[in-house]
Amino acid sequence: RDLHSFPTRRSSDLEPALLTLCLLILYTGIKAQAPLEYYVDISQASNGDGTSGSPWNRIWYAINRSPRDTTKDAIVYIKGGNYSIDSTQYLTQIYVGANQGGANGKYLIFKPYPGDEGKVIIDGKNLATNPYYPNMFVISGANYVKLQNLVFRNLKNTNGYVLNIQNAQNIEVSNCAFDSLYWTTTSAEYGRF
């Protein structure tokens, strides 16, 4: 057959398909980079699933979420309220261990809901010294954790810490407030943040 007898496609026929393919690739790239988002609201009577429409009612659930995806940043949005830490109630405790932080340059980020900056209170008034080691927020063996715009309040003993960070790397604390913290010693160790 003569090559000229085959139908040919004009470039304008391929443009919609090519445009669709380019948009799909762009969307996939953007979607892959978007952070994971989780939500916590202490005012909820029952525990949700961590979505914006059904937030968890404890920070503990956000830390111990399953499955843990470390291919993206994970932002834990915390609704304004008083998050009281109690040595005797593990669901109130904030402990980020080696298996809960971020990894590979992807962070686990704790921050208030937009507009609730300065209204998320991590409260240590119920912490007991004995026989417990009273810490308000522990990061132990974890990497890639950020704390942003949180308020730490009411630590009233010398045996615990507001932030107890040990054997950890790539930890960032920014725009957090520390108030109503009372020490009975002037040792520099106790005043260190």
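Any value given below was found using the heavy atoms of this structure, including those in side chains, with hydrogens, waters and symmetry copies removed. Model, not experiment: these values are computed from the prediction.
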Review point. ring-ring contact (aromatic ring centres under 6.0 Å, His included) with Y38: which of W56, Y113, Y77?
Key: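 Answer after filtering W56, Y113, Y77: W56.
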Study note, to complete from the structure: Partner of Y90 under ring-ring contact (aromatic ring centres under 6.0 Å, His included), picked from W60, Y61, Y95, is W60
Counting only N and O atoms by type, is there a donor-acceptor contact under 3.5 Å from the side chain of [X] to the main-chain atoms of [Y]?
X    : Y   : answer
T92  : Q89 : yes
N126 : I85 : no
N47  : N57 : yes
Q93  : D86 : yes

Check your understanding: Does a salt bridge link R153 with D179, judged by any charged N lying under 4.0 Å from a carboxylate O?
Key ->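 Counted as a salt bridge, because a side-chain N and a carboxylate O are separated by less than 4.0 Å.
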Between [X] and [Y], what is the shortest heavy-atom contact and its length?
X    : Y    : value
G105 : D73  : O-OD1, 4.1 Å
Q44  : P55  : CG-CG, 3.9 Å
A62  : V40  : CB-CG2, 3.9 Å
Q148 : P112 : O-CD, 3.1 Å
L127 : P134 : CB-CB, 3.7 Å
M136 : I94  : O-CB, 3.9 Å

Could you state the interatomic distance from [atom1] ([X]) to [atom2] ([Y]), rounded to the nearest 0.5 Å?
X    : Y    : atom1 : atom2 : answer
I109 : E37  : CD1   : CD    : 10.0 Å
N149 : F110 : CG    : CZ    : 14.5 Å
S140 : Q100 : OG    : CD    : 10.0 Å
N104 : K72  : CG    : NZ    : 14.5 Å
N170 : I139 : CG    : CD1   : 11.5 Å
L163 : L147 : CG    : CG    : 6.5 Å

Using the rule that two of Ile, Leu, Val, Met, Phe, Trp, Tyr join whenever any of their side-chain heavy atoms come within less than 4.5 Å, decide whether [X] and [Y] are in one cluster.
X    : Y    : result
F137 : I165 : yes
V96  : Y144 : no
L91  : I122 : yes
V138 : Y83  : no
I171 : V76  : yes

Point to revise | Between N82 and S84: side-chain donor-acceptor atoms closer than 3.5 Å | key: no
Check your understanding: Does a donor on one side chain and an acceptor on the other come within less than 3.5 Å for N154 and D123?
Key -> yes
Practice item. Find out whether D116 and K79 are in side-chain contact, i.e. whether some heavy atom of one side chain is under 4.5 Å from a heavy atom of the other. Key: yes
Exercise for review: Report yes if the side chains of I63 and R65 come closer than 4.5 Å at any heavy-atom pair, otherwise no.
Suggested key: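 Not touching, per the 4.5 Å side-chain cut-off.
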Exercise for review: Describe, in one word, how the ring planes of F152 and F178 are oriented to each other, choosing from parallel (under 30°), tilted (30 to 60°) and perpendicular (over 60°).
Suggested key: parallel
**Study point:** Partner set under side-chain contact (heavy atoms from CB on, under 4.5 Å) for S52, not counting sequence neighbours
**Key:** Y39
Check your understanding: Would K111 and I75 satisfy side-chain contact (heavy atoms from CB on, under 4.5 Å), going step by step from the backbone distance to the final call?
Key -> CA-CA 7 Å; K111 63 191 300 184; I75 301 174; 3.5 Å; yes
**Study point:** E172 atom CD: more than 12 heavy-atom contacts under 6.0 Å
**Key:** yes
